[in-house]
2 protein chains.
Amino acid sequence: MGVTKTQIFNIEQNELAVIFKVLSNPARIAILQYISHQDSCICNDIVDEIGLAQPTISQHLKELKSINLIKGEIEGKKVCYCINLPKWTEIQALFNSFFNTTKSNCC
Amino acid sequence: MGVTKTQIFNIEQNELAVIFKVLSNPARIAILQYISHQDSCICNDIVDEIGLAQPTISQHLKELKSINLIKGEIEGKKVCYCINLPKWTEIQALFNSFFNTTKSNCC
DNA sequence: ATTTATTATCGTAATATTGCAATATATAAA
DNA sequence: TTTATATATTGCAATATTACGATAATAAAT
């Protein structure tokens, strides 16, 4: 197979899994860290910084965008990628809610 | 390819990615939630509850164990799986640290 | 209009993941 | 010791992911 049986899980479980999946690659972690620590956040800089080919970075950026973790503003021929702070905060809260409600009983 | 270039990223980035990857499947989310909300946490119950085949559940449990998120105590012919609370708390702190240090500048 | 620079998309190869049937292992009960 | 129960492992098919070369698309500069 290779396909996840999403239909047997609830919305919260699937949503959490999707977000975790987007974050489950060190390149995407590195991109997020790089974007957040730069004044100007431009794709080509990311390529130089991370050390993966430009199409690969572009694809990772697309995945980060797919859950609105980042947003890209077009500035001439460049695109300024930034972390989408409201979504970022929302996801952090979602994670904390998951961690806080999923540790209750324990041997 | 299909293989992640872990060698070009630092330990923190790879570690975060590995943890996120373990959590990036709705079945594993569901297992963690089920384990935490039961008094007795036994693998066979999980199979009945989740709706995936026993080998599939066993494999997911193995992945959760691979990062010490859960621990399994053998009780007769059953195994009592429980959330490993210290690790659970550690990961929550790691995530919060990541989220708090990665949102600084933003358009 | 042509060139240059930046980013996106397509196609593809290599590898990883998901899920399950079949089977193995281990322990308790009969 | 045989049988029943619970869990783990193996092997495999289907699909997903990662990475990149080639190429397209877009916009500024010449």
Side-chain angles (χ1 to χ4, degrees), chain A residues 1-9 13-14 17-31 34-35 38 40-67 70-82, chain B residues 1-9 13-14 17-31 34-35 38 40-67 70-82:
Chain A
M1 312 220 156
V3 70
T4 305
K5 286 193 166 179
T6 52
Q7 72 280 2
I8 66 173
F9 303 106
Q13 290 160 343
N14 283 307
V18 166
I19 298 168
F20 282 133
K21 181 157 287 177
V22 170
L23 292 170
S24 74
N25 180 293
R28 292 196 284 274
I29 300 285
I31 288 170
Y34 182 67
I35 285 180
Q38 290 306 108
S40 66
C41 32
I42 286 133
C43 182
N44 198 249
D45 289 0
I46 301 177
V47 174
D48 296 341
E49 174 70 16
I50 309 281
L52 291 171
Q54 181 269 322
T56 308
I57 297 292
S58 190
Q59 186 180 291
H60 283 310
L61 288 167
K62 194 177 175 184
E63 287 177 70
L64 290 168
K65 255 192 296 185
S66 75
I67 59 163
I70 59 172
K71 50 184 179 178
E73 281 181 38
I74 297 164
E75 285 187 7
K77 50 186 168 185
K78 296 186 178 182
V79 178
C80 172
Y81 279 108
C82 298
Chain B
M1 313 223 155
V3 71
T4 304
K5 286 192 166 177
T6 53
Q7 72 280 3
I8 65 173
F9 303 106
Q13 290 160 343
N14 283 308
V18 165
I19 299 168
F20 282 131
K21 181 157 287 177
V22 170
L23 293 170
S24 75
N25 181 290
R28 292 195 286 273
I29 300 286
I31 289 171
Y34 183 69
I35 286 179
Q38 291 306 108
S40 67
C41 33
I42 286 134
C43 181
N44 197 249
D45 289 1
I46 301 177
V47 173
D48 296 341
E49 174 70 16
I50 309 280
L52 291 171
Q54 181 268 322
T56 307
I57 297 293
S58 190
Q59 185 182 290
H60 283 311
L61 288 168
K62 195 178 175 183
E63 287 176 70
L64 291 168
K65 254 192 296 185
S66 75
I67 58 164
I70 59 172
K71 51 183 179 179
E73 281 180 39
I74 297 163
E75 284 188 8
K77 49 186 168 185
K78 296 186 178 181
V79 178
C80 172
Y81 279 108
C82 298

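Per chain, numbering begins at 1; letters A, B, ... match sequence-line order.
Counting to the nearest Å, the P atom of dT9(D) and the CD1 atom of Ile57(B) are 15 Å from each other. With rounding to whole Å, Leu23(B) atom CG is found 17 Å from dT18(C) atom C1'. Whole-Å rounding puts the Asn25(A) CG to dT15(C) P distance at 17 Å. In this structure, Phe9(B) places its CZ atom 11 Å from C1' of dA19(D), rounding to the nearest Å. If you take CZ of Arg28(B) and C1' of dG19(C), they are 12 Å apart, rounded to a whole angstrom. Rounded to whole Å, atom P of dA6(D) lies 6 Å from atom NZ of Lys77(B). Distance CG (Asn14(B)) to C1' (dT18(D)): 14 Å, rounded to an integer number of Å. To the nearest angstrom, P of dT7(C) lies 14 Å from CD1 of Ile50(A).
Each of dT15(C), dT7(C), dT18(C) was ranked by its minimum atom distance to the side chain of Val3(B); first place goes to dT15(C).
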Decide yes or no on side chain to side chain contact (heavy atoms under 4.5 Å, CB included) for Ile46(B) and Leu61(B), but give the supporting numbers first. CA-CA 10 Å; Ile46(B) 301 177; Leu61(B) 288 168; 4.2 Å; yes
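Two residues, Ile74(A) and Ser24(A), neighbour DNA chain D, and the one matched to the more 5' nucleotide by heavy-atom proximity is Ser24(A). Nearer to the 5' terminus of DNA chain C, by closest-nucleotide assignment, is the contact made by Lys65(A) (compared with the other of Lys21(A) and Lys65(A)).
Between His60(A) and dT17(D) there is no side-chain polar atom (N or O) within less than 4.0 angstrom of OP1 or OP2. A sub-4.0 Å separation between OP1 or OP2 of dT6(C) and a side-chain N or O of Tyr81(A) is absent.
Taking Lys65(B) as the reference, Tyr81(B) meet the side chain to side chain donor-acceptor pair (under 3.5 Å) condition, with sequence neighbours excluded. By the side-chain contact (heavy atoms from CB on, under 4.5 Å) test, Glu63(B) pairs with Arg28(B), Gln59(B), His60(B), sequence neighbours left out.
Between Ile8(B) and Gly51(A) the shortest heavy-atom distance is CD1-O, 3.8 Å.
Under the 3.5 Å distance criterion, the side-chain polar atoms of Ser58(A) are left unmatched by any main-chain donor or acceptor of Pro55(A). In this structure, Asn14(B) contributes its side chain and Phe9(B) its backbone to a donor-acceptor pair below 3.5 Å.
Heavy atoms of Glu75(B) sit nowhere under 4.0 angstrom from any nucleic acid atom.
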Under-3.5 Å N/O pairs linking protein and nucleotides 20-23 of chain C:
from, atom 1, to, atom 2, distance (Å)
dC20(C), OP1, Lys5(A), NZ, 2.5
dC20(C), OP2, Ala53(B), N, 2.9
dC20(C), OP2, Thr56(B), OG1, 3.2

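Rounding to the nearest 0.5 Å gives a distance of 12.0 Å between CD1 of Ile35(A) and NZ of Lys71(A).
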